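See structure below.
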There are 2 protein chains.
Amino acid sequence: MELPTELIHATRFGKTRSAQSTALLEDYVELIADLLANEGEARPTDIARRLGVAHATAIKTVSRLKRAGLATARPYRGVFLTEKGEALAQRVRIRHRLVVDVLRAIGVPVEAAEADAEGIEHYVSEATLQAFARFLRGRS
Amino acid sequence: MELPTELIHATRFGKTRSAQSTALLEDYVELIADLLANEGEARPTDIARRLGVAHATAIKTVSRLKRAGLATARPYRGVFLTEKGEALAQRVRIRHRLVVDVLRAIGVPVEAAEADAEGIEHYVSEATLQAFARFLRGRS
DNA sequence: GTCAAAATAGAGCCTTGGCTACATTTCTAA
DNA sequence: TTAGAAATGTAGCCAAGGCTCTATTTTGAC
Ligand SMILES: [Mn+2]
Ligand SMILES: [Mn+2]
Ligand SMILES: [Mn+2]
Ligand SMILES: [Mn+2]
């Protein structure tokens, strides 16, 4: 122990920064999984509309997903998730629900809970997730 | 009511995106206030060390703070907060503590609570903050 | 007081994630 | 079957926020 304060803080900020850089990919993967499940296909236009960005932005980010090994897509065909992408989507979905449920349990109004969870979900560690699950179990 | 689902989602993602763009400024302002209070001065080198970034990065971001009307700084002199910057720092500090306290109350280990709060704090709305405060009051 | 070390500043590069404008491909309705 | 609409893709722009490398200023030890 006895790490200097600056290093402790720097480490925390570093974690936050790296979480930030994956937050967008997580949202895309979660959304694509949702579209595939509910609509049967995930087209760039639908992704863009749901995220509120221009279609060109969505297409560009999808190619980043491909580079990251999370998605596949052939020109003019729609987007699919790799095994890795599916697995991430699964984890993200669980996290999302857990965060919303905890916020609701604490007394946050449903719309605020859903909106805030969209940001919060990307910054919740394993340890915190487990505490969330325990907390919900303990009061059900 | 009866907004289309896509618009609801798009709005949430938009809020998250704009929160993300102010997250960094909030951390800087919070840190500068802390350094000013505890060390009497906030020098770019110290800011950089605490954030875990290169000093050039810190200097560049400080100039963004200046542009945003949150800080002042004269060459080779150290950084200060404007009224607006002080006010923001105040709000951020309160939010930070509230998030940590709620996480702790739910059973999150202290180190995880501190680390996760560093990210979560930027995505907590007014409504959620109020619910947090009520929750803590109700169980003290 | 001098001068070397430390701090500060600036230039220039990269990636991300927005955007608009334009080009191409696919789909669909007549 | 084919033209127009819709979807998709590409190019090029911008700002933010990282970085390294270099220059300048300030500070502190002697
Ligand atoms: Mn999200
Ligand atoms: Mn989500
Ligand atoms: Mn923070
Ligand atoms: Mn904080």
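As the structure is a prediction and not an experimental result, all values here were calculated from the model. Quick note on labels: first sequence line is chain A, next is B, and so on, each numbered from 1.
- Here the options are B:T82, B:L24, B:L70, the test is side-chain contact (heavy atoms from CB on, under 4.5 Å), and the partner is B:L65; only B:L70 passes.
- Between B:P75 and A:Y28, the one whose closest nucleotide on DNA chain C sits nearer the 5' end is B:P75.
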Test side chain to side chain contact (heavy atoms under 4.5 Å, CB included) on B:I106 and A:I106; report intermediate values, then the result. CA-CA 9 Å; B:I106 282 179; A:I106 283 177; 3.4 Å; yes
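- A:L24 places its CG atom 18 Å from the P atom of D:dA16, with the value rounded to the nearest Å.
- Per the geometry, OH belonging to B:Y76 stands 5 Å off C1' belonging to C:dT8, to the nearest Å.
- Whole-Å rounding puts the A:L65 CG to C:dT16 P distance at 12 Å.
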What pairs of donor and acceptor atoms, side-chain ones from residues 117-125 of chain A against any protein atom, are under 3.5 angstrom apart with sequence neighbours left out?
| from | atom 1 | to | atom 2 | distance (Å) |
| --- | --- | --- | --- | --- |
| A:E121 | OE1 | A:H96 | ND1 | 2.7 |
| A:H122 | ND1 | A:E26 | OE1 | 2.7 |
| A:H122 | NE2 | A:D27 | OD1 | 3.1 |
| A:H122 | NE2 | A:D27 | OD2 | 3.3 |
| A:H122 | NE2 | A:E118 | O | 3.0 |
| A:Y123 | OH | B:Y123 | OH | 3.1 |
| A:S125 | OG | A:T128 | N | 3.4 |
| A:S125 | OG | A:T128 | OG1 | 3.2 |
| A:S125 | OG | B:D116 | OD1 | 3.3 |
| A:S125 | OG | B:D116 | OD2 | 2.8 |

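- Side-chain N/O atoms of A:R77 include none lying less than 4.0 angstrom from OP1 or OP2 on D:dG9.
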Check the pair B:D46 / B:E39 against side chain to side chain contact (heavy atoms under 4.5 Å, CB included), numbers first and verdict last. CA-CA 10 Å; B:D46 298 329; B:E39 318 287 334; 5.9 Å; no
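- Nearest heavy atoms, B:V53 versus B:A58: CG2-N, 4.2 Å.
- Rounded to whole Å, the distance from CG on B:L70 to C1' on D:dA16 is 15 Å.
- Of the residues in residues 37-63 of chain A, those with a non-hydrogen atom less than 4.0 angstrom from any atom of DNA chain D are A:R43, A:P44, A:T45, A:H55, A:A56, A:I59, A:K60.
- More than 12 heavy atoms of other residues, nucleotides or ligands lie within 6.0 Å of NZ in B:K66, so this atom counts as buried by the packing criterion.
- If you take CG of A:L25 and P of C:dT16, they are 9 Å apart, rounded to a whole angstrom.
- Of the side-chain N and O atoms in B:R17, none sit less than 4.0 angstrom from OP1 or OP2 of D:dA16.
- In terms of position on DNA chain D, the residue among A:Q20 and A:R74 whose nearest nucleotide sits closer to the 5' end is A:R74.
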